[in-house]
Amino acid sequence: MKSFFSRIKYLLFILFLLDFLEINADNFSLENISDRNSQILIESNKQTSDLKNSIFYAEGEVIITNTNKEFIAKSKKAIFYKLTGKIKLTGNVEVLTSDLNKIKAGEILYYLKENKFEAISEKNQRVNTKFVFNENKIIN
């Protein structure tokens with residue numbers, strides 16, 4: 001009989017715990033996650049991942065965009081260092097921003113946390129950046 005009551009207590013405790021978890025799950029939304037984290041989409045012909053070192057590789061017609069559509073980057077290869085939040089783009093790299101600015105270089109580093117680019121030239125090629133601006137916005 002004691003065994004029966006101890007099992008009922010155990011069952012009630014589990015039911016209480018499940019009810020508590022359900023309440024917390026109801027307050028959880030995926031929208032909150034996407035607001036806090038910047039997300040990127042990497043498309044390419046080949047992709048591999050080194051799980052041990054948290055490095056992601058993409059090769060062949062690489063296209064990278066972020067969820068806010070602030071830029072589109074194209075290159076031959078990309079290496080995403082997940083721990084440092086850095087993406088290294090190599091091979092005829094071209095970045096076009098949403099405000100139509102354009103960067104061309106042999107190598108471009110994109111820093112996710114800072115949302116910034118660093119362009120590095122190849123030996124026989126200089127970095128080429130084209131800025132497009134609206135004169136009315138600058139005056140105001």
Side-chain angles (χ1 to χ4, degrees):
M1 194 68 157
K2 286 184 181 182
S3 170
F4 177 72
F5 286 118
S6 66
R7 287 182 186 172
I8 289 178
K9 285 182 189 179
Y10 182 69
L11 180 61
L12 289 174
F13 177 73
I14 289 176
L15 290 174
F16 172 76
L17 190 60
L18 288 174
D19 188 44
F20 176 74
L21 291 174
E22 183 180 348
I23 291 169
N24 285 336
D26 289 341
N27 295 332
F28 182 78
S29 75
L30 292 175
E31 292 172 4
N32 293 340
I33 289 176
S34 63
D35 289 344
R36 285 183 266 145
N37 297 325
S38 178
Q39 297 178 2
I40 58 167
L41 172 66
I42 301 175
E43 300 174 84
S44 66
N45 294 335
K46 180 181 177 184
Q47 298 182 359
T48 57
S49 187
D50 178 355
L51 297 176
K52 182 179 179 184
N53 296 311
S54 294
I55 300 174
F56 178 83
Y57 302 93
E59 293 181 49
E61 299 179 35
V62 178
I63 299 173
I64 299 176
T65 55
N66 69 349
T67 52
N68 300 333
K69 307 248 187 242
E70 295 171 325
F71 70 88
I72 182 167
K74 298 179 181 182
S75 69
K76 290 184 179 180
K77 294 182 181 179
I79 303 172
F80 178 21
Y81 302 94
K82 295 177 192 176
L83 296 177
T84 59
K86 178 174 74 172
I87 300 175
K88 180 179 179 179
L89 301 149
T90 57
N92 293 332
V93 185
E94 183 176 293
V95 176
L96 181 64
T97 63
S98 61
D99 52 358
L100 303 178
N101 295 322
K102 187 184 238 182
I103 306 168
K104 287 185 177 183
E107 179 179 306
I108 292 182
L109 301 172
Y110 174 61
Y111 300 91
L112 283 136
K113 294 175 187 170
E114 295 88 2
N115 195 26
K116 72 176 187 176
F117 293 96
E118 179 182 346
I120 303 163
S121 68
E122 290 181 336
K123 290 181 182 179
N124 300 332
Q125 177 189 7
R126 295 178 57 113
V127 173
N128 184 336
T129 303
K130 178 181 175 183
F131 292 105
V132 177
F133 57 93
N134 183 340
E135 291 179 10
N136 295 330
K137 286 184 179 180
I138 292 174
I139 294 171
N140 294 332

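Numbers here simply count residues along the sequence, with the first being 1.
Counting only heavy atoms from C-beta outward, the side chains of V95 and Y110 never approach each other to under 4.5 Å. Two residues are said to be in side-chain contact when any heavy atoms from C-beta on lie closer than 4.5 Å; L109 and Y111 meet this criterion.
Nearest heavy atoms, V93 versus G106: CG2-O, 3.7 Å. Nearest heavy-atom pair, S121 versus V127, reported as atom, atom and distance to 0.1 Å: N-CG2, 3.6 Å. In terms of heavy atoms, I103 sits closest to A119 at CG2-CB, 3.9 Å.
Counting non-hydrogen atoms of neighbouring residues, nucleotides and ligands closer than 6.0 angstrom, the NZ atom of K88 reaches no more than 12 such neighbours.
When only modelled atom types and interatomic distance are considered, N68 and N66 share no side-chain donor-acceptor pair under 3.5 Å.
Atom NZ of K82 is separated from atom CZ of F80 by 7.0 Å, given to the nearest 0.5 angstrom. Note that NZ of K77 is 12.0 Å distant from CD of E107, once rounded to the nearest 0.5 Å. A distance of 11.5 Å separates NZ of K86 from CG of L112, quoted to the nearest 0.5 Å.
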Please list, one pair per line, the donor and acceptor atoms closer than 3.5 Å that link side chains of residues 48-65 to other protein atoms, with sequence neighbours excluded.
| residue | atom | partner | partner atom | Å |
| --- | --- | --- | --- | --- |
| D50 | OD1 | K52 | N | 3.3 |
| D50 | OD1 | N53 | N | 3.3 |
| D50 | OD2 | N53 | ND2 | 2.8 |

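For E118, there are no salt bridge (Lys or Arg N to Asp or Glu O under 4.0 Å) partners two or more places apart in sequence or in a different chain.
By the criterion of side-chain heavy atoms lying less than 4.5 angstrom apart, applied directly or through intervening Ile, Leu, Val, Met, Phe, Trp or Tyr residues, I40 is not grouped with I72; the two fall into different hydrophobic clusters.
Here the side chain of E70 pairs no donor or acceptor atom with the backbone of N115 at under 3.5 angstrom.
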